[in-house]
Amino acid sequence: MIAILTTLFSGLGRRFAYWGAIVAAVGVAIWLLIRQGKHAAEADLAIRRADARVRALQKSKDIRHDLQNTDRTDLERRADRWMRD
C-alpha cells in the first residue's frame, strides 16, 4: 500500500512522498479499525438485545404457567400479601 501511495506522491519529492504515503496508510488503517469496531459493537448490541428479549419472553411464559396452575385461594392469599407490602 505504501508503494502505491508513494507513486502517487512522487512528483512532490521523494522524502515528502514517503512520509505522505506513511501518513495516508496510517490514516486508512485507523479509519478501518474504527469502522470495524463500530460494526462489532453494533453486532454485540443486537445480540444482547435478542438475549434480553428471550429472557423476558421466558419469564413471561413461566409466570403465565404459574398463574394457570396455582389454585385460586393461593392466588388470593399472595395478592393480599402483595397489597399489604
Side-chain angles (χ1 to χ4, degrees):
M1 181 169 187
I2 291 178
I4 294 169
L5 293 173
T6 304
T7 58
L8 291 174
F9 293 125
S10 64
L12 304 173
R14 288 180 75 79
R15 265 209 181 140
F16 183 74
Y18 177 72
W19 287 108
I22 289 177
V23 168
V26 169
V28 168
I30 290 172
W31 177 75
L32 286 173
L33 287 174
I34 290 172
R35 184 171 174 248
Q36 188 177 19
K38 183 192 271 188
H39 287 301
E42 289 172 354
D44 185 45
L45 179 63
I47 290 170
R48 285 189 295 153
R49 280 184 174 174
D51 287 343
R53 191 176 324 119
V54 167
R55 280 193 309 271
L57 288 172
Q58 184 65 38
K59 185 179 266 189
S60 174
K61 181 182 137 194
D62 292 342
I63 291 171
R64 196 176 317 113
H65 182 265
D66 287 345
L67 285 174
Q68 289 174 352
N69 292 336
T70 305
D71 61 335
R72 184 78 173 160
T73 57
D74 189 34
L75 287 176
E76 289 174 359
R77 183 181 54 79
R78 285 184 184 182
D80 287 341
R81 188 176 57 197
W82 180 71
M83 292 299 285
R84 277 182 291 167
D85 294 340

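This chain uses plain numbering: 1 for the first residue, then up along the sequence. Computed over heavy atoms, backbone and side chain alike; hydrogens, waters and symmetry mates excluded.
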Quiz item: Is the shortest distance from a Lys or Arg side-chain nitrogen in E42 or K38 to a carboxylate oxygen in the other one below 4.0 Å?
Solution: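 Salt bridge absent between E42 and K38.
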Self-check item: Trace of the side-chain contact (heavy atoms from CB on, under 4.5 Å) decision for Q36 with L33
Solution: CA-CA 5 Å; Q36 188 177 19; L33 287 174; 4.3 Å; yes
Quiz item: Rounded to the nearest 0.5 Å, how far does OG1 of T70 lie from CD of E76?
Solution: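 Taking CD in E76 and OG1 in T70, the distance rounds to 12.5 Å.
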Quiz prompt | Joint hydrophobic cluster, I22 plus I30, side-chain heavy atoms closer than 4.5 Å | solution =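 Same hydrophobic cluster.
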Self-check item: Residues, nucleotides or ligands: over 12 heavy atoms within 6.0 Å of H39 NE2
Solution: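 Yes, because the 6.0 Å sphere around NE2 of H39 holds more than 12 heavy atoms from other groups.
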Quiz item: Could you walk me through whether D74 and R78 pass the side-chain contact (heavy atoms from CB on, under 4.5 Å) check?
Solution: CA-CA 6 Å; D74 189 34; R78 285 184 184 182; 3.6 Å; yes
Quiz item: In Å and rounded to the nearest 0.5 Å, what is the NE2 to CD1 distance from H65 to I63?
Solution: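 Nearest 0.5 Å value for the NE2-CD1 distance: 13.0 Å.
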Quiz item: Stepwise, does the salt bridge (charged side-chain N to carboxylate O under 4.0 Å, His left out) test hold for D44 with R48?
Solution: CA-CA 6 Å; D44 185 45; R48 285 189 295 153; 3.7 Å; yes
Quiz prompt | Side-chain donor-acceptor contact under 3.5 Å, T73 with R77 | solution =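 Checked: T73/R77 side chains show no N/O donor-acceptor pair below 3.5 Å.
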Quiz prompt | D80 with R84: basic N within carboxylate O range, under 4.0 Å | solution =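 No salt bridge links D80 with R84.
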